[in-house]
2 protein chains.
Amino acid sequence: MTDAHKVERWIGRFPLIQSLAPAHLQLARGTVQFPVLEAGAVAYELDGACAHYLMCLEGRTRIFRMSEGGREVLIYKVGPGGTCALTTQCLLSGGTFPAQSVAEERTELAALPESTFQHLMGDSAAFRSLVMDDYTRLMSGLFTLIDEVAFAPLKQRLAQRLLAEADPRGVAAVTHQTLADDVGSVREVVSRILAQWAEAGLIELRRGAVEIVDRSSLAAAGRR
Amino acid sequence: MTDAHKVERWIGRFPLIQSLAPAHLQLARGTVQFPVLEAGAVAYELDGACAHYLMCLEGRTRIFRMSEGGREVLIYKVGPGGTCALTTQCLLSGGTFPAQSVAEERTELAALPESTFQHLMGDSAAFRSLVMDDYTRLMSGLFTLIDEVAFAPLKQRLAQRLLAEADPRGVAAVTHQTLADDVGSVREVVSRILAQWAEAGLIELRRGAVEIVDRSSLAAAGRR
DNA sequence: GGACTTGTGTGACCTGGGTCACCGACCGGG
DNA sequence: CCCGGTCGGTGACCCAGGTCACACAAGTCC
């Protein structure tokens, strides 16, 4: 695929880019790059430096925090059309990444170099609002995350994760292990809870996937 | 105290305000207000709307999240010279408060009306950096909060809270109950842990206060 | 100096969920 | 068809921390 095509696709995914003033659009088009991550590649590490504002074209990355003990909490996942708001945090604060990220599958990105980013943030109200929009969204996501982690019992978080992971037909292609990682627990415990739910007819278990039979009961399963 | 005095004091607390362009400074001085909260007053509630950018001149407010079960997690406390970064979140996102806040003592604020805030954010790079600075700080605070809540055992969080609350002489004027609230636990448990530490000579217990005897051991007490 | 209100100490008990140690089932490749 | 890796299931056990139910000590207000 030629670079021109890539640029078009990028703009297709992020239509707001269009609304930049001509000079700004020019700058963006001129400096954008298109890195690709293979499945399993780390996009960035904890405390790494950050040189680009990243936007996701294709694929999916998982952003999470890890404890010394090796357990994890999922912060969020970015799919096509999403930006990695942590790069924003990084670029705005001048600091390093507060979390780590790995690609779950082959992932194509659009990357604006820091200089372009800073320039546009200073000059372009449109660009600012584009960036800040995602950034404030991240912030509110963190708040809900906080009280889930602080207050919600494991079952509840697990139920939500499962629902979030399910495709339209209700199939979530995940292993117990990855679920456990996402909710910050361990496989055995997750398996047990899933077994209960399967018992109750809320879900059906396959190898490498969970099929949700009764979405609404599952959603209710966590609470109380 | 006259308004002119108040304005001077405000600028004294937030020297960066000085660096605004004359026209912007003019606008800020012309529209700033100085509300006062009595001890125990709620500064804002969960999901409340937000009409002002708030900066703290004197006093202290506690910002926290509450679960249905009535337990709390402390997000942060704002003292003199601090801004309430949640108002930023609110004003930038156009949404409502993601948490609640109450004044711990009589608190004097400086408040910029939303229109002024938006105007300055749009026009003044200096103001933007002033605001974004605190905002990104909040964000990174949330990250550390997340993995404390997710991974750190209660003891560790308690130890930190105690150290954070202590005055230079090592005296923290808090009740077991307020400590428990801050770390999202209950009184009995906190009392027990404190009793252990007192036993070990790390702290000394008084009514309504805890005196830290051995700061460094206390800091280490949480880990492992 | 009662009588109430706040802060604290303590024991008995319960439970969510993490740990350990397996085993068995499925799956893909030589 | 066998063999090693990835998934999933299960039981025994343990422990931090929350719940309940008090008892008591310090201030405080009349």
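Since we're looking at a predicted model, the values are computed, not measured. Chain naming here is simple, since letters A, B, ... match the order of the sequence lines and numbering starts at 1 in each.
- Across C:dG17, D:dT19, D:dT10, the shortest atom-to-atom separation from the side chain of B:Val186 is found for D:dT19.
- With hydrogens and angles disregarded, no donor-acceptor distance shorter than 3.5 Å links the side chain of A:Arg206 to the backbone of A:Val171.
- When the P atom of D:dC7 is taken as reference, atom CG of A:Leu179 falls 12 Å away, rounded to whole Å.
- The distance from atom CZ of A:Phe151 to atom P of D:dG18 is 11 Å, rounded to the nearest whole Å.
- A close approach under 4.0 Å does not occur between any side-chain nitrogen or oxygen of A:Thr175 and OP1 or OP2 of D:dT6.
- Closest contact between the side chain of B:Ser185 and the listed nucleotides D:dT19, D:dG27, D:dG18 involves D:dG18.
- Formation of a donor-acceptor pair under 3.5 Å by the A:Asp147 side chain with backbone atoms of A:Phe151 is not found in this model.
- Between C:dC27, D:dA21, C:dG17, one nucleotide has an atom nearer to the side chain of B:Glu188 than all others, and that is D:dA21.
- Checked by atom type and distance alone, the side chain of B:Arg157 pairs as donor or acceptor with a backbone atom of B:Val183 at under 3.5 Å.
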Could you list the donor-acceptor pairs under 3.5 angstrom formed between side-chain atoms of residues 135-144 of chain A and any protein atom two or more places apart in sequence or on another chain?
residue: A:Tyr135; atom: OH; partner: A:Gln89; partner atom: OE1; Å: 2.3
residue: A:Thr136; atom: OG1; partner: A:Met132; partner atom: O; Å: 3.1
residue: A:Thr136; atom: OG1; partner: A:Asp133; partner atom: O; Å: 3.1
residue: A:Arg137; atom: NH2; partner: A:Asp133; partner atom: OD2; Å: 3.3
residue: A:Arg137; atom: NH2; partner: A:Asp134; partner atom: OD1; Å: 3.1
residue: A:Ser140; atom: OG; partner: A:Arg137; partner atom: O; Å: 3.1
residue: A:Thr144; atom: OG1; partner: A:Gly141; partner atom: O; Å: 3.0

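- Atoms CZ (B:Arg71) and P (C:dG16) sit 14 Å apart, rounded to a whole Å.
- Between C:dT6 and B:His176, no contact under 4.0 Å exists linking OP1 or OP2 to a side-chain N or O.
- With the nearest nucleotide of DNA chain C identified for both B:Ala209 and A:Arg157, B:Ala209 has the one nearer the 5' end.
- Of the candidate nucleotides D:dA26, C:dA25, C:dG18, C:dG18 has the atom nearest to the side chain of A:Val189.
- Computed from coordinates, the B:Arg187 CZ to C:dT10 P distance equals 11 Å when rounded to whole Å.
- Between B:Trp10 and B:Phe34, the ring planes lie perpendicular to each other; the angle is over 60°, past the 30° to 60° tilted range.
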Working for salt bridge (Lys or Arg N to Asp or Glu O under 4.0 Å), residues B:Lys77 and B:Asp182: CA-CA 10 Å; B:Lys77 303 195 179 188; B:Asp182 284 353; 3.3 Å; yes

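- One side chain, A:Thr116 or A:Thr31, offers a donor N or O that lies under 3.5 Å from an acceptor on the other.
- Contact check of residues 192-205 of chain B against DNA chain C (heavy atom, cut-off under 4.0 Å) returns B:Arg192, B:Leu205.
- In this structure, B:Leu158 atom CG and D:dG17 atom P are separated by 10 Å, rounded to whole Å.
- Applying the 4.0 Å criterion to OP1 and OP2 of C:dT10, one finds that B:Ser191 has every side-chain N and O outside that range.
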